[in-house]
Amino acid sequence: MRKRFGTMLPDICRSLFRRPATGDYPFVAAVTPERLRGRLEWDPAACTGCGLCAMDCPASALAVAVLDRKARRFVLQYHLDRCIFCGQCVVSCRQGCLRMTGTPWELAALTRETFVTYFGDPTDVEQVLAVKPEEDPGTPG
Ligand code: SF4
Ligand code: SF4
């Protein structure tokens, strides 16, 4: 035992004078890598409502509702709790409407409902929820 302690002593002494390897989270937020694949963001400006993003999503985390294609009224439903952050939807979208952002990166929540996001004009979102509140195109099975 004494021998073991003797071999550990130099390490212990070095550690006493080194800065800690751990961060001060949650008091100091960690800086996320620039290319972190986090929560999805949707820019509706160029969206055509093609639905490719939803079709190619391997986790059934996306659904596109087309209210009026000519008027470009689309609602994108995003299930954060199903998303595996693969980035496939970003690659599939030919219009460049989707991107993954690292802020905020703390995504934990106490209820599942908070993980569902409806992107789109609030009036359109309301309309989608009013018409088919129970329907969830992304539900497996
Ligand atoms: S990142 Fe992957 S899992 Fe998440 S919504 Fe896009 S395609 Fe689906
Ligand atoms: S793939 Fe792009 S353009 Fe097509 S519905 Fe999705 S976000 Fe809109």
Side-chain angles (χ1 to χ4, degrees), residues 1 3-141:
M1 183 66 189
K3 196 178 172 189
R4 262 196 219 158
F5 184 74
T7 54
M8 284 164 62
L9 196 59
D11 281 338
I12 292 170
C13 292
R14 265 197 300 272
S15 301
L16 282 175
F17 298 103
R18 269 194 202 144
R19 290 180 58 193
T22 50
D24 290 330
Y25 182 82
F27 306 108
V28 179
V31 179
T32 51
E34 208 176 299
R35 294 172 62 196
L36 178 81
R37 287 181 186 172
R39 197 177 189 282
L40 207 60
E41 273 186 358
W42 181 60
D43 176 7
C47 183
T48 59
C50 67
L52 268 181
C53 52
M55 219 180 307
D56 289 351
C57 173
S60 301
L62 293 171
V64 180
V66 179
L67 278 79
D68 185 340
R69 195 175 293 281
K70 270 191 186 166
R72 306 177 78 92
R73 289 175 59 203
F74 311 114
V75 171
L76 182 71
Q77 186 186 20
Y78 174 47
H79 286 263
L80 181 62
D81 55 338
R82 291 184 198 156
C83 182
I84 55 172
F85 307 102
C86 63
Q88 181 57 56
C89 54
V90 178
V91 175
S92 296
C93 180
R94 295 170 186 166
Q95 312 302 326
C97 302
L98 297 168
R99 76 180 193 102
M100 308 196 84
T101 171
T103 46
W105 58 267
E106 292 156 308
L107 304 175
L110 294 175
T111 58
R112 290 198 73 178
E113 290 73 35
T114 52
F115 288 121
V116 186
T117 303
Y118 290 88
F119 294 113
D121 184 271
T123 319
D124 294 343
V125 172
E126 252 178 53
Q127 196 173 322
V128 166
L129 290 173
V131 175
K132 291 175 182 172
E134 78 292 347
E135 189 170 305
D136 180 359
T139 303

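Ligands are counted one by one from 1 in listed order, and the atoms in each one are counted from 1 as well.
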Met100 touching ligand 1 at heavy-atom level, < 4.0 angstrom: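 It does; at least one heavy atom falls under 4.0 Å.
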Any Pro58 heavy atom less than 4.0 Å from ligand 1: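 Yes; Pro58 lies near enough to ligand 1 that a heavy-atom distance drops under 4.0 Å.
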Taking only heavy atoms of [X], which atoms of ligand 1 are found under 4.0 Å from at least one of them?
X: Cys57; result: 3 (S), 5 (S), 7 (S), 8 (Fe)
X: Leu62; result: 5 (S)
X: Cys83; result: 1 (S), 3 (S), 4 (Fe), 5 (S)

Glu106 CD: over 12 foreign heavy atoms closer than 6.0 Å: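 Atom CD in Glu106 is crowded, with more than 12 foreign heavy atoms closer than 6.0 Å.
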How close does the nearest protein non-hydrogen atom get to [atom], and which residue and atom is it?
atom: atom 4 (Fe) of ligand 2; value: Cys50 SG, 2.2 Å
atom: atom 2 (Fe) of ligand 1; value: Cys86 SG, 2.3 Å
atom: atom 8 (Fe) of ligand 2; value: Cys47 SG, 2.3 Å
atom: atom 3 (S) of ligand 1; value: Ile84 N, 3.3 Å
atom: atom 7 (S) of ligand 2; value: Trp42 NE1, 3.5 Å
atom: atom 6 (Fe) of ligand 2; value: Cys53 SG, 2.3 Å
atom: atom 1 (S) of ligand 1; value: Gly87 N, 3.2 Å
atom: atom 5 (S) of ligand 2; value: Gly51 N, 3.2 Å

Cys93: numbered ligand 2 atoms lying under 4.0 Å from its heavy atoms: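 Selected atoms, number and element: 1 (S), 2 (Fe), 3 (S), 7 (S).
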Atoms of ligand 2, numbered as shown, that sit under 4.0 Å from any heavy atom of Gln95: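 In order of numbering, the contacting atoms are 3 (S).
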How far does [atom1] of [X] sit from [atom2] of [Y], to the nearest 0.5 angstrom?
X: Cys86; Y: Asp56; atom1: SG; atom2: CG; answer: 9.5 Å
X: Thr32; Y: Arg37; atom1: OG1; atom2: CZ; answer: 15.0 Å
X: Tyr118; Y: Asp124; atom1: OH; atom2: CG; answer: 13.5 Å
X: Arg69; Y: Thr48; atom1: CZ; atom2: OG1; answer: 7.0 Å

Close approach, Ser92 and ligand 2, non-hydrogen under 4.0 angstrom: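 Contact absent.
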Thr103 backbone acceptor or donor facing Arg39 side chain under 3.5 Å: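 Not a single qualifying donor-acceptor pair exists.
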Under 3.5 Å donor-acceptor, Arg73 side chain and Asp68 backbone: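 Such a contact is absent between Arg73 side chain and Asp68 backbone.
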Steps toward side-chain contact (heavy atoms from CB on, under 4.5 Å) verdict (Cys83, Leu40): CA-CA 9 Å; Cys83 182; Leu40 207 60; 5.9 Å; no
Closest non-hydrogen atom pair, Cys53 against Cys89: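 Of all heavy-atom pairs spanning Cys53 and Cys89, the closest is CB-CB, 3.9 Å.
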Parallel, tilted or perpendicular: rings of Tyr78 and Phe119 (30°, 60°):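 Judged by the thresholds at 30° and 60°, the geometry between Phe119 and Tyr78 is parallel.
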